[in-house]
Amino acid sequence: MIPFDIVNEPDSAEVFSVSYTCLLIPRSPSQSLNDELSSSLQNWLISICESKQWQIEFQTVRDGYFQWGLRFSSPIQIGQFMKEIRTRTSDLVLNHFSDLRDGTTTDFWAPGYLVVLGTRPHPQALIEHYIKLIRRQQSN
């Protein structure tokens with residue numbers, strides 16, 4: 001007979017939690033995220049996240065970017081949640097602010113996104129570097 005150990009699992013499973021800080025910029029460098037658009041973006045993000053049971057840690061809308069922190073209680077791929085947020089907010093912006101349509105694109109946001117692990121706002125220098133990089137890529 002081979003001896004063996006019996007190990008009981010704990011009654012409550014350890015809770016999974018991961019958080020990210022995310023950033024999108026408008027496709028057009030001249031596009032301003034003004035007060036009305038800013039307020040709408042924040043409300044739409046709340047609605048999207050509530051529907052998916054994602055927890056918003058913070059939101060920041062500045063003239064040239066939209067930044068937020070999210071916490072997830074189950075594993076999710078970055079591309080999955082960013083596609084969901086990007087697509088839904090873009091559709092909402094273009095449907096509610098028809099003056100922002102240029103007729104050539106169905107995406108309000110510039111190509112790409114910036115995502116960093118954790119829910120601390122991106123340093124301003126990182127944001128500025130990212131925006132310059134995207135604008136340079138857009139001009140090529």
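In this text, all values refer to a predicted model and were calculated from it rather than measured experimentally.
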| said: Does L70 form a side chain to side chain contact (heavy atoms under 4.5 Å, CB included) with F81? I'd like the steps, not just the answer. | reply: CA-CA 10 Å; L70 290 181; F81 72 80; 4.1 Å; yes
| Which is it for F108 and F97 under the ring pair (Phe, Tyr, Trp, His ring centres under 6.0 Å) test, yes or no, and what are the steps along the way? | CA-CA 10 Å; F108 173 75; F97 297 87; 8.6 Å; no
| message | For the CG atom on N95, are there more than 12 heavy atoms of other groups (residues, nucleotides or ligands in this structure) within a distance under 6.0 Å? | response |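 Atom CG in N95 is packed in, count exceeds 12.
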| message | Please determine whether the number of non-hydrogen atoms from other residues, nucleotides or ligands lying under 6.0 Å from atom CD of Q53 exceeds 12. | response |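 Not more than 12 within 6.0 Å, no.
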Rounded distance (nearest 0.5 Å) linking atom [atom1] of [X] with atom [atom2] of [Y]:
{"X": "R86", "Y": "I48", "atom1": "CZ", "atom2": "CD1", "result": "13.0 Å"}
{"X": "I127", "Y": "R62", "atom1": "CD1", "atom2": "CZ", "result": "8.5 Å"}
{"X": "R136", "Y": "K132", "atom1": "CZ", "atom2": "NZ", "result": "9.0 Å"}
{"X": "H129", "Y": "I134", "atom1": "NE2", "atom2": "CD1", "result": "10.0 Å"}
{"X": "N34", "Y": "S38", "atom1": "CG", "atom2": "OG", "result": "8.0 Å"}

Evaluate the side-chain proximity of [Y] to [X]: yes if any heavy-atom separation is below 4.5 Å, no if none is.
{"X": "P111", "Y": "Q138", "value": "yes"}
{"X": "F66", "Y": "I25", "value": "no"}
{"X": "V116", "Y": "Y20", "value": "no"}
{"X": "L114", "Y": "L126", "value": "yes"}
{"X": "L24", "Y": "Q67", "value": "no"}
{"X": "T60", "Y": "W68", "value": "no"}

| E84/R88 salt bridge by N-O under 4.0 Å criterion |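 Salt bridge flag = yes for E84 with R88.
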If two hydrophobic side chains count as joined below 4.5 Å and joins carry through other members, does [X] share a cluster with [Y]?
{"X": "Y65", "Y": "L133", "value": "no"}
{"X": "I78", "Y": "I76", "value": "yes"}
{"X": "W54", "Y": "F58", "value": "no"}

Using a distance-only test with no angle check, is there a side-chain donor-acceptor pair under 3.5 angstrom linking [X] and [Y]?
{"X": "S40", "Y": "E36", "value": "no"}
{"X": "R71", "Y": "S17", "value": "yes"}
{"X": "W109", "Y": "T89", "value": "yes"}

Could you tell me whether a side-chain N or O of [X] sits under 3.5 Å from a main-chain N or O of [Y], the two making a donor and an acceptor?
{"X": "H96", "Y": "L92", "result": "yes"}
{"X": "R135", "Y": "Y130", "result": "no"}
{"X": "E57", "Y": "S19", "result": "no"}
{"X": "T119", "Y": "G69", "result": "no"}
{"X": "S90", "Y": "T87", "result": "no"}

| request: Check the pair I85 / W44 against side chain to side chain contact (heavy atoms under 4.5 Å, CB included), numbers first and verdict last. | output: CA-CA 9 Å; I85 291 170; W44 293 330; over 6 Å; no
| field | Closest contact, heavy atoms only, V18 versus L117 | value |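 Between these two residues, the closest heavy atoms are CG2-CD1, 3.6 Å.
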| field | Heavy-atom pair with the smallest gap, counting every atom of G64 and P26 | value |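 Distance-wise, the nearest heavy atoms are O-CD, 3.3 Å.
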| request: Assess whether side chain to side chain contact (heavy atoms under 4.5 Å, CB included) is satisfied between D63 and L33, documenting all intermediate values. | output: CA-CA 5 Å; D63 194 40; L33 301 179; 5.5 Å; no
| request: Verify side chain to side chain contact (heavy atoms under 4.5 Å, CB included) between L41 and Q59, making sure each step is shown before the conclusion. | output: CA-CA 10 Å; L41 283 168; Q59 293 188 67; 5.9 Å; no
